[in-house]
Amino acid sequence: MQTVESQVEQGALRMSGGREYGRLPRPSLKYTEEVARETAPLYEKVKHHIPEIEWPVHAPYVYAINKLKRQRNATILAHNYQTPEIYHCVADIAGDSLQLAMEATRVEADIIVQCGVHFMAETSKLLNPDKTILIPDLKAGCSLADSITGEDVRLLREANPGVPIVTYVNTSADVKAESDICCTSSNAVAVVESFGVDKVLLIPDEYLAQNVALQTDVKILTWKGHCEVHERFTADELLAYKDADPAIQIIAHPECPTEVTGVADFTGSTKGMIDFALGQKPGAKVLLVTECSMASNIQEQAPGVEFIKPCNLCPHMKRITLPKILDSLLEMKEEVIVDPQMAEKARRSVERMVNLKN
Ligand code: 13P
Ligand code: SF4
């Protein structure tokens with residue numbers, strides 16, 4: 001058997017900060033007996049979502065990625081919206097934006113591969129300036145992050161002197177650098193109230209801001225950014241499900257318009273939604289008003305619950321695939337780099353949030 005060292009090919013892959021990683025040979029992607037045997041326990045977790053006939057296509061990637069993670073000393077952080085083969089078969093840690101940010105502060109590996117969108121990888125970089133952060137597709141963006149720039153925040157501050165600026169974590173480092181603190185959908189109310197003032201800017205998600213405003217006496221000013229996935233849900237489509245079966249539990253993400261959260265039985269972050277769904281009794285029907293992959297990812301943990309998915313796909317999250325994760329680890333791409341001066345300021349906003357005691 002070859003050792004890891006003897007498999008390293010000539011030349012090094014040079015990264016920012018002068019870090020170098022050896023080149024590794026491209027693994028075989030044959031569905032061998034060994035691959036079938038080693039990946040069989042993982043297939044058990046995704047068998048209701050990936051037909052048996054398709055597994056020989058995914059399994060060699062799963063096997064190769066898990067081996068490469070050990071060779072590179074890498075950790076994969078995956079958002080709850082990643083596809084089941086990523087979420088269950090190659091991720092080391094999966095969660096919502098807050099969990100991923102918290103976990104990023106605890107990772108010991110040299111390399112983090114962020115299976116999610118760009119702002120999540122940037123947040124990991126801010127919290128781990130000395131680690132190599134990779135994202136399998138640099139184009140995995142977010143309509144909320146694209147809705148606002150650092151310059152917009154500077155203008156908002158000029159126009160609203162003395163009003164604290166809370167920025168949703170779904171933003172670029174440039175925007176975070178101009179903010180007082182970040183928040184996620186898990187902690188937005190607590191962050192807004194942490195200032196002890198009567199008026200706060202909560203940007204850029206208009207609907208998250210409106211949903212938070214319903215839960216606090218703090219006056220919320222906001223921006224016109226929207227999540228392209230959650231803004232498409234309507235109250236009428238949800239009420240049609242409720243009319244057909246009044247026992248159905250509707251759970252929604254706070255990036256949905258308030259007319260949608262207004263008909264939901266529970267509104268919360270992706271982690272909050274998962275916790276709510278897993279707390280339901282066997283036989284319950286739960287309608288998940290969010291991105292499609294969530295229901296598939298949690299079905300195994302709640303076999304007795306029937307999940308109904310009037311779901312929308314996030315095209316950005318879906319840019320991350322097993323072949324791209326493999327390339328990412330093999331070729332050490334795409335590295336996420338943040339200008340050090342901007343990173344210093346942006347990190348303060350993220351760290352204030354992470355350190356906030358709820
Ligand atoms: P969560 O923090 O709830 O996981 O949300 C992130 C996101 O992008 C939802 O669209
Ligand atoms: Fe951005 Fe919406 Fe996609 Fe989340 S689901 S990454 S908020 S576009």
Side-chain angles (χ1 to χ4, degrees), residues 29 42-43 45-51 54-55 57-62 64-65 76-97 99-100 112-124 133-147 168-172 184-185 205 225-233 252-253 255-256 269-271 273-274 287-300 307-331 333-334 336:
L29 292 171
L42 296 171
Y43 183 62
K45 298 184 186 180
V46 294
K47 66 182 179 195
H48 298 301
H49 312 290
I50 298 176
E54 286 179 20
W55 186 239
V57 176
H58 297 293
Y61 283 100
V62 167
I65 289 167
I76 294 187
L77 300 186
H79 186 260
N80 290 328
Y81 292 163
Q82 291 295 293
T83 50
E85 67 277 12
I86 295 175
Y87 183 92
H88 285 295
C89 303
V90 299
D92 296 292
I93 295 158
D96 71 357
S97 305
Q99 286 175 298
L100 295 179
I112 293 176
V113 182
Q114 195 88 29
C115 293
V117 293
H118 190 262
F119 75 80
M120 295 176 177
E122 235 180 22
T123 305
S124 288
I133 312 296
L134 303 175
I135 184 161
D137 189 330
L138 262 184
K139 292 202 199 98
C142 169
S143 64
L144 279 168
D146 287 344
S147 74
Y168 197 27
V169 75
N170 297 38
T171 47
S172 66
T184 73
S185 52
D205 186 348
H226 298 143
C227 161
E228 68 189 80
V229 175
H230 292 97
E231 71 176 347
R232 282 189 277 151
F233 293 107
H253 195 276
E255 290 167 7
C256 294
S269 75
T270 54
K271 177 188 184 299
M273 295 170 88
I274 292 174
L287 186 140
L288 282 170
V289 188
T290 193
E291 212 272 349
C292 301
S293 291
M294 273 264 294
S296 315
N297 288 339
I298 60 176
Q299 182 70 77
E300 302 320 299
F307 290 105
I308 298 139
K309 332 189 249 179
C311 62
N312 293 327
L313 270 177
C314 173
H316 311 290
M317 289 280 179
K318 266 46 206 184
R319 280 185 171 274
I320 310 298
T321 60
L322 289 177
K324 288 185 195 168
I325 299 171
L326 179 77
D327 280 356
S328 188
L329 279 163
L330 206 54
E331 295 167 29
K333 63 176 193 181
E334 302 285 347
V336 176

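Just so you know, these numbers use all the heavy atoms, side chains as well, and skip hydrogens, waters and symmetry mates.
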Exercise for the section: Find the distance between CD1 (I65) and SG (C115) and round it off to the nearest 0.5 Å. Expected result: 8.0 Å

Practice task
Using a strict 4.0 Å threshold on nitrogen-to-oxygen distance, state whether D96 and K271 make a salt bridge.
Solution key: no

Handout entry: Closest heavy-atom pair and its distance - C142, N170
Key = SG-ND2, 4.0 Å

Problem - Interatomic distance, I76 atom CD1 to L134 atom CG [nearest 0.5 angstrom] - result: 10.0 Å

Exercise for the section: Compare every heavy atom of L100 with every heavy atom of M120, then report the nearest pair and how far apart it is. Expected result: SD-CD1, 4.3 Å

Problem - Under 3.5 Å: donor-acceptor pair, side chain of D205, backbone of H226 - result: no

Handout entry: Stepwise salt bridge (charged side-chain N to carboxylate O under 4.0 Å, His left out) test for E291 and K318
Key = CA-CA 10 Å; E291 212 272 349; K318 266 46 206 184; 3.0 Å; yes

Exercise for the section: Could you tell me whether the side chains of E300 and H49 share a donor-acceptor contact shorter than 3.5 Å? Expected result: yes

Practice task
Using modelled atom types only, decide if a donor and an acceptor are shared between the side chain of K324 and the backbone of R319 within a distance under 3.5 Å.
Solution key: yes

Exercise for the section: State, yes or no, whether a side-chain contact exists between H79 and V117 at a heavy-atom distance under 4.5 Å. Expected result: no

Handout entry: Nearest-0.5 Å distance, NE2 of residue H316 to CG of residue L144
Key = 9.5 Å

Problem - E331 side-chain N/O to K333 backbone N/O, donor-acceptor pair under 3.5 Å - result: no

Handout entry: Check: S97/Y168 side-chain N/O donor and acceptor closer than 3.5 Å
Key = no

Handout entry: Salt bridge flag under 4.0 Å for residues E85 and K45
Key = no

Practice task
Take E122 and S172 through the test side chain to side chain contact (heavy atoms under 4.5 Å, CB included) and record every step on the way to the result.
Solution key: CA-CA 8 Å; E122 235 180 22; S172 66; 4.3 Å; yes

Handout entry: Verdict with reasoning, S328 to I135, per side chain to side chain contact (heavy atoms under 4.5 Å, CB included)
Key = CA-CA 7 Å; S328 188; I135 184 161; over 6 Å; no

Exercise for the section: Flag the pair T171 / F119 as yes when at least one side-chain heavy-atom distance between them is below 4.5 Å, and no otherwise. Expected result: no

Exercise for the section: Determine the minimum heavy-atom distance between P315 and E228, stating which atoms define it. Expected result: CG-OE2, 3.4 Å

Fill in the blank from the handout: For V113 and P136 the tightest heavy-atom approach is CG1-CG, 3.9 Å

Practice task
Would you give the length of the straight line joining atom CD1 of I320 to atom NZ of K139, rounded to the nearest 0.5 angstrom?
Solution key: 11.5 Å

Exercise for the section: Please name the pair of heavy atoms, one in S143 and one in C227, separated by the smallest distance, quoted to 0.1 Å. Expected result: OG-CA, 3.4 Å

Problem - Main-chain N/O of N80 paired with N297 side-chain donor or acceptor, under 3.5 Å - result: yes

Exercise for the section: Kindly determine whether I274 and M294 satisfy side chain to side chain contact (heavy atoms under 4.5 Å, CB included), including the steps that lead there. Expected result: CA-CA 8 Å; I274 292 174; M294 273 264 294; 3.8 Å; yes

Practice task
To the nearest 0.5 Å, tell me how far H88 NE2 sits from K47 NZ.
Solution key: 12.5 Å

Handout entry: Sub-4.5 Å side-chain heavy-atom contact between C89 and V46
Key = yes

Fill in the blank from the handout: One should read off an interatomic distance between L313 CG and C292 SG, to the nearest 0.5 angstrom, of 4.0 Å

Practice task
Evaluate side chain to side chain donor-acceptor pair (under 3.5 Å) for T290 paired with K309, printing each intermediate quantity in order.
Solution key: CA-CA 8 Å; T290 193; K309 332 189 249 179; over 6 Å; no

Handout entry: Distance-minimising heavy-atom pair for V90 and I325
Key = CG2-CD1, 4.3 Å

Practice task
Check whether any side-chain heavy atom of Q299 sits under 4.5 Å from a side-chain heavy atom of H48, and report yes or no.
Solution key: no

Exercise for the section: Please assess Q82 against M317 for the test side chain to side chain contact (heavy atoms under 4.5 Å, CB included), listing each intermediate value before the final yes or no. Expected result: CA-CA 6 Å; Q82 291 295 293; M317 289 280 179; 3.5 Å; yes

Practice task
Determine the interplanar angle of the F233 and H230 rings, folded into 0 to 90°, and report it as parallel if under 30°, tilted if 30 to 60°, perpendicular if over 60°.
Solution key: tilted

Problem - Close side-chain approach of I308 and L288, heavy atoms under 4.5 Å - result: no

